[in-house]
Amino acid sequence: MAAQTGAALLLVGLLALATMASSNTEGDILYSQRQVWKDPNNVLTSWDPTLVNPCTWFHVTCNLDNSVTRVDLGNAGISGTLIPQLGQLKNLQYLELYGNNMSGPIPTTLGNLTRLVSLDLYDNHLTGVIPSSLGAVGTLRFLRLHGNKLAGVIPASLGRLTKLVELELQENMLSGTVPLEILSLVLVGDLTELNVAKNNLAGTVRSSKPRVATVIHYKLSSSGNLNLCKNKLNDF
């Protein structure tokens, strides 16, 4: 009996150590990101790497296992690039970095965030392409990348995001066409808003006035209706 109790205590201790190690790793990742960023408003002063985990830091939220679930830094005045290690925050659900001065590409490793619900990187200065790896984040509901300098085509892999509710890509430098795989999310997914205005996409217009291309999720059942929806999108 004593042996069983000792084994149980040992297991509990090992699990606690594993949780602490995971928390420390996530703290290391976020501190590495802090080192890359410029923070003129000192919003990251609480990001202290000597603490046991990052759960007491401002703008960071954790679950009961002290694993990071949210990073909320919208309109914080931060500038700099996004590090690939962000893709290792395995329980991250919300990455809110909108309205800053972020530059450089969107890391392809963000496609490893398999619990991500909202990725808000809009109104920054991000460049490069939209990573096709984001199509692997099946939990994603809100993908808002508008107001950047993203170029290239819209990845057809985003059509695998059947839980996606909003896809906002307006005011970039995207080219090509809107993939049919994404338009079909109106039929097979939860997509209610698709905004691709003010890009260089074929069949859309670039205007100094705001133009919004919206897809409303009706109960569409035929390919004819889907084609009509596509034509209405292209008219904006």
Side-chain angles (χ1 to χ4, degrees), residues 5-128 131 133-134 136-145 147-148 163:
T5 302
L9 290 173
L10 178 60
L11 179 59
V12 171
L14 290 174
L15 289 173
L17 287 173
T19 299
M20 289 179 62
S22 176
S23 299
N24 284 333
T25 298
E26 293 182 340
D28 291 341
I29 291 170
L30 291 178
Y31 185 69
S32 295
Q33 180 64 87
R34 176 192 172 182
Q35 295 295 92
V36 171
W37 282 339
K38 293 182 179 179
D39 177 27
N41 298 328
N42 296 316
V43 299
L44 303 176
T45 53
S46 66
W47 288 29
D48 184 350
T50 65
L51 299 178
V52 174
N53 60 58
C55 300
T56 59
W57 298 357
F58 291 141
H59 313 292
V60 175
T61 303
C62 295
N63 60 20
L64 294 177
D65 295 323
N66 292 325
S67 183
V68 176
T69 58
R70 296 186 66 115
V71 176
D72 291 288
L73 286 166
N75 296 314
I78 295 170
S79 62
T81 59
L82 303 176
I83 62 173
Q85 292 92 322
L86 290 175
Q88 298 176 33
L89 300 175
K90 61 181 181 179
N91 290 308
L92 191 66
Q93 297 177 28
Y94 296 87
L95 184 57
E96 308 294 324
L97 301 175
Y98 56 86
N100 286 292
N101 294 301
M102 304 291 174
S103 58
I106 299 172
T108 59
T109 53
L110 296 189
N112 297 328
L113 300 175
T114 56
R115 298 188 179 183
L116 197 65
V117 174
S118 179
L119 179 59
D120 283 327
L121 304 178
Y122 61 88
D123 290 343
N124 279 288
H125 304 287
L126 296 171
T127 56
S133 60
L134 293 178
V137 188
T139 55
L140 201 58
R141 292 179 60 80
F142 304 97
L143 179 56
R144 292 178 278 231
L145 306 177
N148 281 289
K163 294 185 178 180

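Keep in mind that what you see is a predicted model, and the values were worked out from it rather than measured.
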What pairs with [X] under side chain to side chain contact (heavy atoms under 4.5 Å, CB included), at least two apart in sequence or on another chain?
X    : result
T127 : K149
Q35  : Y31
T139 : V137
T114 : none

Does [Y] offer a backbone N or O that forms a donor-acceptor pair with the side chain of [X] under 3.5 Å?
X    : Y    : value
N41  : V43  : no
Q93  : V68  : no
N53  : C55  : yes
N148 : L126 : yes

Looking at every non-hydrogen atom in both residues, tell me the closest pair between [X] and [Y] and how far apart they are.
X    : Y    : answer
N101 : H125 : OD1-NE2, 3.4 Å
A136 : G111 : CB-O, 4.0 Å
P131 : I106 : CG-O, 3.4 Å
L82  : P107 : O-CG, 3.6 Å
G87  : N112 : O-CB, 3.5 Å
L51  : N24  : O-OD1, 4.2 Å

Write out all pairs satisfying ring-ring contact (aromatic ring centres under 6.0 Å, His included) with one or both partners inside [range], taking only residues at least two apart or from two chains.
range           : value
residues 66-100 : Y98-Y122
residues 66-91  : none
residues 49-92  : W47-W57
residues 65-85  : none

(request) Sort out for me which residue in D123, L121, I78 forms a side-chain contact (heavy atoms from CB on, under 4.5 Å) with M102. (result)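 Among the candidates, only I78 passes.
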
(message) Go through it in stages, so that I can follow the logic: the residues are L86 and T109, the test is side chain to side chain contact (heavy atoms under 4.5 Å, CB included), and I'd like the CA-CA distance, side-chain angles, deciding distance and then a yes or no.
(response) CA-CA 7 Å; L86 290 175; T109 53; 5.7 Å; no

(message) If the condition is salt bridge (charged side-chain N to carboxylate O under 4.0 Å, His left out), which residues does D72 pass it with, not counting sequence neighbours?
(response) R70

(request) Could you name each residue pair satisfying salt bridge (Lys or Arg N to Asp or Glu O under 4.0 Å) that touches residues 30-53, not counting sequence neighbours? (result) none

(message) My understanding is that only residues two or more places apart in sequence, or in another chain, count here; which of them pass side-chain hydrogen bond (donor to acceptor under 3.5 Å, both in side chains) with R115?
(response)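 Listed in chain order: N91.
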
(request) Report the residues that fulfil side-chain hydrogen bond (donor to acceptor under 3.5 Å, both in side chains) with D120, sequence neighbours left out, ordered by chain and then residue number. (result) S118, R144

(request) Give the intermediate values and the outcome of side chain to side chain contact (heavy atoms under 4.5 Å, CB included) for residues L30 and L89. (result) CA-CA 9 Å; L30 291 178; L89 300 175; 4.0 Å; yes

